[in-house]
Amino acid sequence: MDITAIKDSKQDSRILPLSFYVRNDVVQISRELLGKFLVTHINGKITAGMIVETEAYRASDDKACHAYNMRRTARTEVMFAEGGQAYIYLCYGIHHLFNVVTGPKNNAQAVLIRAVEAIDNLPLMMQRRGREKAGPQLTAGPGVLSKALGITTSLSGSSLLSSTGNIWIEDRDIHFQPKEIISSPRVGIDYAEECKDWPWRFRVKHSKWTSKSK
DNA sequence: CACGGGATCGTCT
DNA sequence: GACGATCCCGTGT
């Protein structure tokens, strides 16, 4: 076994397994994703950030969810798959928003990753963002974190379960206590009627790397 | 710091 | 044909 193989097996051991994603509770998974590390491997380059803000969406009863009312289209199809895949869509014609598909097959649920703390390979993230300074503006916000990590809609449907892919999520032993997590209503979904105030947005309390609220 | 508007295009009606 | 799970920059305070 060479050094590369040792490194890879160590890395694989911290990748979140299928069992993490297939649980039928997207709200709980949204909380647990705080402190996990979103990693991309694109054109041979690794970048990674620690997740500090998430939002839960589910088709069964949530009018803010793209798949609400079993709306099953080419775009939302991946949300109906088994958990552990990426759902990435284009927002406002400009921003590529990254979601984690969760739950069992045909039970459409997803977690939107709204902000990460930039950790690995700051220079490349700065270059992708066209910024000269490191800091929260690099990755605080769902559109900008995708840009920093090189995530585009072409990765929608990708598996998150292996380091042989382009994108995955790792556990690096960071854990937050319940009182370190703030829950509040989700951003930008005022159209969702009685669902718009559900407290399904989760943030790490002391992080400076969360996106701005209304 | 708050607010306002423009960018830009895939998706669904 | 309208609009969106956003971002950035400009203006004014």
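Order of the sequence lines sets the chain letters (A, B, ...), proteins ahead of strands, with each chain counted from 1.
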| field | Under 3.5 Å side-chain donor-acceptor pair for A/Ser211 and A/Arg114 | value | yes
| said: Just by distance, no angles: are the side chains of A/Asp62 and A/Gln109 close enough, under 3.5 Å, to form a donor-acceptor pair? | reply: no
Quick one: is [X] getting a side-chain N or O under 4.0 Å of the [N] phosphate, OP1 or OP2?
X        : N      : result
A/Arg129 : C/dC7  : no
A/Tyr87  : C/dA5  : no
A/Thr73  : B/dT11 : no

| Close side-chain approach of A/Asn99 and A/Ile88, heavy atoms under 4.5 Å | no
| Would you say the side chain of A/Thr47 lies within less than 4.5 Å of the side chain of A/Val39, judging by non-hydrogen atoms? | no
| field | Rounded distance in Å between the C1' positions of B/dG5 and C/dC3 | value | 16 Å
Where the side chain of [X] is defined as all heavy atoms beyond and including C-beta, which of [options] is the nearest nucleotide?
X        : options              : value
A/Tyr92  : B/dC12, C/dG4, C/dA5 : C/dG4
A/Arg75  : C/dT6, C/dA5, B/dC12 : B/dC12
A/Arg131 : B/dT13, C/dA5, C/dC9 : C/dC9
A/Val144 : C/dA5, C/dC7, B/dT13 : C/dC7

Whole Å only: how far is the [atom1] atom of [X] from the [atom2] atom of [N]?
X        : N      : atom1 : atom2 : answer
A/Arg72  : B/dT13 : CZ    : C1'   : 21 Å
A/Asp190 : C/dG4  : CG    : C1'   : 13 Å
A/Asn99  : C/dA5  : CG    : C1'   : 8 Å
A/Leu97  : B/dC9  : CG    : C1'   : 14 Å
A/Arg186 : C/dT6  : CZ    : P     : 12 Å
A/His95  : C/dC3  : NE2   : P     : 19 Å
A/Leu112 : C/dT6  : CG    : C1'   : 11 Å
A/Asp62  : C/dA5  : CG    : P     : 11 Å

| In Å, rounded to the nearest 0.5 Å, how long is the span from CD1 of A/Ile42 to CG of A/Leu149? | 7.5 Å
| query | So, A/Tyr89 versus A/His66, ring centres under 6.0 angstrom or not? | reply | yes
| message | At 4.0 Å (heavy atoms only), tell me whether A/Ile94 reaches a base, stays on the sugar-phosphate, or touches nothing. | response | base
| said: What does the 5'-to-3' dot-bracket notation of DNA chain B look like when only Watson-Crick and G-U wobble pairs under 3.5 Å count, and pairs to other strands show as |? | reply: |||||||.||||.
| note | Sorted by chain and residue number, the side chain to side chain contact (heavy atoms under 4.5 Å, CB included) partners of A/Glu32 (sequence neighbours excluded) come out as A/Phe20, A/Arg23, A/Gln28
